[in-house]
Amino acid sequence: MERTNAEAERIARLAARDPLMRLLGMECVDGGSGRAAVSLTVGEQHLNFNGTCHGGVTFALADAAFGLASNSHGVIAAAIDAHVTYQVAVKPGDVLTATAVEASRTRKLGVYRIDVTRQDGALVSTFTGTVYVTARPNEG
(Lines give C-alpha, C1' and ligand atoms only; values in the text may rest on other atoms or scores of the structure.)
Protein backbone atom coordinates (compact mmCIF):
# COMPACT_ATOMS: atom_id res chain seq x y z
CA MET A 1 0.00 0.00 0.00
CA GLU A 2 2.88 2.42 0.70
CA ARG A 3 4.09 1.98 -2.87
CA THR A 4 0.66 3.00 -4.21
CA ASN A 5 0.65 6.10 -1.98
CA ALA A 6 4.17 7.03 -3.14
CA GLU A 7 3.12 6.61 -6.77
CA ALA A 8 -0.05 8.66 -6.24
CA GLU A 9 2.05 11.43 -4.68
CA ARG A 10 4.54 11.24 -7.57
CA ILE A 11 1.68 11.56 -10.09
CA ALA A 12 0.34 14.61 -8.24
CA ARG A 13 3.79 16.23 -8.35
CA LEU A 14 4.22 15.47 -12.05
CA ALA A 15 0.76 16.89 -12.83
CA ALA A 16 1.58 20.06 -10.89
CA ARG A 17 4.68 20.52 -13.09
CA ASP A 18 2.68 20.29 -16.36
CA PRO A 19 1.98 23.80 -17.76
CA LEU A 20 -0.30 22.52 -20.55
CA MET A 21 -2.56 20.80 -18.05
CA ARG A 22 -2.89 24.11 -16.17
CA LEU A 23 -3.43 26.10 -19.37
CA LEU A 24 -6.26 23.84 -20.53
CA GLY A 25 -7.83 23.56 -17.06
CA MET A 26 -7.12 19.86 -16.51
CA GLU A 27 -7.07 18.30 -13.07
CA CYS A 28 -5.50 15.01 -12.02
CA VAL A 29 -8.24 13.27 -10.03
CA ASP A 30 -6.69 9.84 -9.40
CA GLY A 31 -3.45 7.98 -9.81
CA GLY A 32 -1.45 4.97 -8.76
CA SER A 33 0.84 2.31 -10.16
CA GLY A 34 0.43 2.37 -13.94
CA ARG A 35 -2.83 4.34 -13.83
CA ALA A 36 -4.08 7.91 -13.79
CA ALA A 37 -7.30 9.86 -14.32
CA VAL A 38 -7.48 13.46 -15.52
CA SER A 39 -10.65 15.57 -15.82
CA LEU A 40 -11.64 18.71 -17.70
CA THR A 41 -14.81 20.79 -17.92
CA VAL A 42 -15.27 21.84 -21.55
CA GLY A 43 -15.43 25.60 -21.91
CA GLU A 44 -15.77 27.99 -24.84
CA GLN A 45 -11.96 28.07 -25.18
CA HIS A 46 -11.97 24.31 -25.91
CA LEU A 47 -14.35 24.48 -28.89
CA ASN A 48 -13.71 24.11 -32.60
CA PHE A 49 -15.44 26.11 -35.35
CA ASN A 50 -18.42 23.71 -35.25
CA GLY A 51 -19.11 24.56 -31.60
CA THR A 52 -18.05 21.17 -30.23
CA CYS A 53 -14.96 20.20 -28.25
CA HIS A 54 -11.83 20.32 -30.40
CA GLY A 55 -10.36 16.88 -31.05
CA GLY A 56 -6.97 18.22 -30.00
CA VAL A 57 -8.32 18.99 -26.54
CA THR A 58 -9.68 15.46 -26.17
CA PHE A 59 -6.34 14.09 -27.40
CA ALA A 60 -4.44 16.34 -24.96
CA LEU A 61 -6.62 15.14 -22.07
CA ALA A 62 -5.99 11.48 -22.93
CA ASP A 63 -2.30 12.21 -23.49
CA ALA A 64 -2.01 13.84 -20.06
CA ALA A 65 -3.45 10.74 -18.37
CA PHE A 66 -1.18 8.55 -20.52
CA GLY A 67 1.90 10.55 -19.53
CA LEU A 68 1.08 10.46 -15.83
CA ALA A 69 0.28 6.73 -15.78
CA SER A 70 3.38 5.78 -17.75
CA ASN A 71 5.63 7.92 -15.54
CA SER A 72 4.10 6.64 -12.28
CA HIS A 73 6.96 4.17 -11.80
CA GLY A 74 9.55 6.89 -11.20
CA VAL A 75 11.52 6.76 -14.44
CA ILE A 76 11.08 8.80 -17.59
CA ALA A 77 8.72 7.10 -20.02
CA ALA A 78 8.56 8.91 -23.38
CA ALA A 79 5.71 8.43 -25.84
CA ILE A 80 6.69 6.81 -29.12
CA ASP A 81 3.23 6.05 -30.52
CA ALA A 82 -0.38 7.11 -29.98
CA HIS A 83 -3.67 6.35 -31.68
CA VAL A 84 -7.04 7.92 -30.98
CA THR A 85 -10.63 7.39 -32.08
CA TYR A 86 -13.56 9.74 -31.44
CA GLN A 87 -16.97 8.21 -30.82
CA VAL A 88 -19.29 11.10 -29.87
CA ALA A 89 -19.26 14.90 -29.96
CA VAL A 90 -18.71 16.88 -26.79
CA LYS A 91 -20.45 20.16 -25.95
CA PRO A 92 -19.62 23.11 -23.70
CA GLY A 93 -20.23 22.29 -20.04
CA ASP A 94 -19.54 18.58 -20.48
CA VAL A 95 -17.08 17.10 -18.00
CA LEU A 96 -14.59 14.71 -19.55
CA THR A 97 -12.44 12.22 -17.67
CA ALA A 98 -9.54 10.36 -19.25
CA THR A 99 -8.70 7.16 -17.40
CA ALA A 100 -5.38 5.53 -18.26
CA VAL A 101 -4.50 1.94 -17.40
CA GLU A 102 -1.30 0.03 -18.06
CA ALA A 103 -1.93 -2.86 -20.44
CA SER A 104 1.67 -4.14 -20.38
CA ARG A 105 5.11 -2.97 -19.35
CA THR A 106 8.53 -4.44 -19.89
CA ARG A 107 11.97 -3.09 -19.11
CA LYS A 108 11.88 -0.94 -22.29
CA LEU A 109 8.24 -0.59 -23.47
CA GLY A 110 4.88 0.19 -21.92
CA VAL A 111 1.45 0.05 -23.55
CA TYR A 112 -1.51 2.00 -22.18
CA ARG A 113 -5.22 2.27 -22.91
CA ILE A 114 -7.01 5.49 -22.13
CA ASP A 115 -10.79 5.84 -22.23
CA VAL A 116 -12.27 9.33 -22.27
CA THR A 117 -15.79 9.41 -20.89
CA ARG A 118 -18.41 12.10 -20.45
CA GLN A 119 -20.15 12.80 -17.13
CA ASP A 120 -23.07 10.56 -18.19
CA GLY A 121 -20.72 7.63 -18.76
CA ALA A 122 -20.73 7.84 -22.57
CA LEU A 123 -17.46 6.75 -24.17
CA VAL A 124 -16.19 9.81 -26.03
CA SER A 125 -12.79 8.64 -27.20
CA THR A 126 -10.43 5.70 -27.02
CA PHE A 127 -6.67 6.27 -27.02
CA THR A 128 -3.83 3.77 -27.02
CA GLY A 129 -0.23 4.70 -26.53
CA THR A 130 3.20 3.15 -26.29
CA VAL A 131 6.14 4.54 -24.32
CA TYR A 132 9.85 3.90 -24.36
CA VAL A 133 10.98 3.31 -20.78
CA THR A 134 14.30 4.87 -19.79
CA ALA A 135 16.42 4.31 -16.69
CA ARG A 136 16.48 8.06 -15.84
CA PRO A 137 14.44 9.25 -12.84
CA ASN A 138 11.59 11.59 -13.69
CA GLU A 139 12.05 13.63 -10.53
CA GLY A 140 15.27 15.31 -9.53
Side-chain angles (χ1 to χ4, degrees):
M1 189 68 98
E2 286 179 40
R3 182 175 165 90
T4 300
N5 288 337
E7 288 161 338
E9 290 169 7
R10 178 181 299 113
I11 290 169
R13 288 190 303 272
L14 293 173
R17 290 182 9 215
D18 191 317
L20 184 63
M21 285 182 65
R22 285 193 306 277
L23 178 68
L24 293 176
M26 297 176 189
E27 177 186 5
C28 181
V29 295
D30 189 28
S33 180
R35 62 182 179 79
V38 178
S39 288
L40 165 78
T41 300
V42 177
E44 296 295 320
Q45 72 276 21
H46 301 120
L47 303 182
N48 62 26
F49 51 80
N50 291 320
T52 58
C53 185
H54 195 289
V57 172
T58 306
F59 185 98
L61 182 68
D63 190 49
F66 170 46
L68 293 172
S70 62
N71 280 274
S72 67
H73 301 288
V75 294
I76 294 173
I80 57 173
D81 178 68
H83 177 80
V84 66
T85 62
Y86 302 98
Q87 285 83 343
V88 299
V90 176
K91 298 181 178 168
D94 283 342
V95 178
L96 301 180
T97 301
T99 304
V101 294
E102 191 171 86
S104 68
R105 188 169 173 113
T106 65
R107 196 173 52 81
K108 290 293 179 187
L109 294 176
V111 177
Y112 294 79
R113 178 186 167 117
I114 301 85
D115 286 340
V116 179
T117 55
R118 201 170 51 201
Q119 71 276 359
D120 63 359
L123 183 63
V124 169
S125 179
T126 303
F127 177 112
T128 56
T130 305
V131 294
Y132 176 77
V133 179
T134 73
R136 296 187 319 256
N138 57 23
E139 294 187 290

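Below, all heavy atoms of this structure are taken into account, side chains as well, without hydrogens, waters or symmetry copies.
With rounding to the nearest 0.5 angstrom, the CG atom of D115 is 10.5 Å from the OG1 atom of T128. Taking CG of L14 as the start and CE of M21 as the end, the distance is 10.0 Å to the nearest 0.5 Å. Taken from CZ in R113 to OG1 in T99, the straight-line distance is 11.0 Å, to the nearest 0.5 Å. Here the straight-line distance linking atom OG of S70 with atom CG of L109 works out to 12.0 Å at 0.5 Å rounding. The CG atom of L68 lies 5.5 Å from the SG atom of C28; values are rounded to the nearest 0.5 Å. Note that OG of S33 and CZ of R10 are 9.5 Å apart. Values are rounded to the nearest 0.5 Å.
Partners of R22 under the side chain to side chain contact (heavy atoms under 4.5 Å, CB included) rule, at least two apart in sequence or in another chain, are P19. Not counting sequence neighbours, the partners of V133 by the side chain to side chain contact (heavy atoms under 4.5 Å, CB included) test are V75, R105, V131. In terms of the salt bridge (Lys or Arg N to Asp or Glu O under 4.0 Å) criterion, D18 has no residue partners (sequence neighbours excluded). In this structure, Q45 has no side chain to side chain contact (heavy atoms under 4.5 Å, CB included) partners at least two apart in sequence or on a different chain. Checked against ring-ring contact (aromatic ring centres under 6.0 Å, His included), F66 has the following partners two or more places apart in sequence or in another chain: Y112, F127.
Under the 4.5 Å side-chain contact rule for hydrophobic residues, M26 and L47 share a cluster. V101 and V38 fall into different hydrophobic clusters, where Ile, Leu, Val, Met, Phe, Trp and Tyr are joined by side-chain heavy atoms under 4.5 Å apart, directly or via other members.
Proximity of a side-chain donor or acceptor of S72 to a complementary backbone N or O of E7 within less than 3.5 Å is not detected. Checking side-chain atoms of N71 against main-chain N and O of G74 turns up no donor-acceptor pair under 3.5 Å. D120 contributes a side-chain N or O that, together with a main-chain N or O of A122, makes up a donor-acceptor pair within less than 3.5 Å.
Side-chain contact check for D30 versus R35: some heavy-atom pair is nearer than 4.5 Å. With contacts defined as side-chain heavy-atom distances shorter than 4.5 Å, the pair L40/H46 qualifies.
What you find for L24 and A60 is that their closest heavy atoms are CD1-CB, 3.9 Å. In terms of heavy-atom proximity, T41 sits nearest to G93 at CG2-O, 4.1 Å. Residues A65 and A36 come closest through the heavy atom pair O-CB, 3.7 Å. Here the shortest heavy-atom pairing between G51 and P92 reads O-CD, 3.8 Å.
Contacts classified as side chain to side chain donor-acceptor pair (under 3.5 Å) and involving residues 78-90 (residues at least two apart or in different chains) are given here: T85-Q87, Q87-T126.
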Checking L96 against V42 for the side chain to side chain contact (heavy atoms under 4.5 Å, CB included) test, could you report, in this order, the C-alpha distance in whole Å, the side-chain angles of both residues, the deciding distance, and whether it holds? CA-CA 7 Å; L96 301 180; V42 177; 4.0 Å; yes
Test side chain to side chain contact (heavy atoms under 4.5 Å, CB included) on V84 and T58; report intermediate values, then the result. CA-CA 9 Å; V84 66; T58 306; 5.7 Å; no
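Crowding of R136 atom CZ: a count of heavy atoms from other residues, nucleotides or ligands under 6.0 Å not exceeding 12.
A donor and an acceptor atom, one from each side chain of T97 and T117, are nowhere located under 3.5 Å apart.
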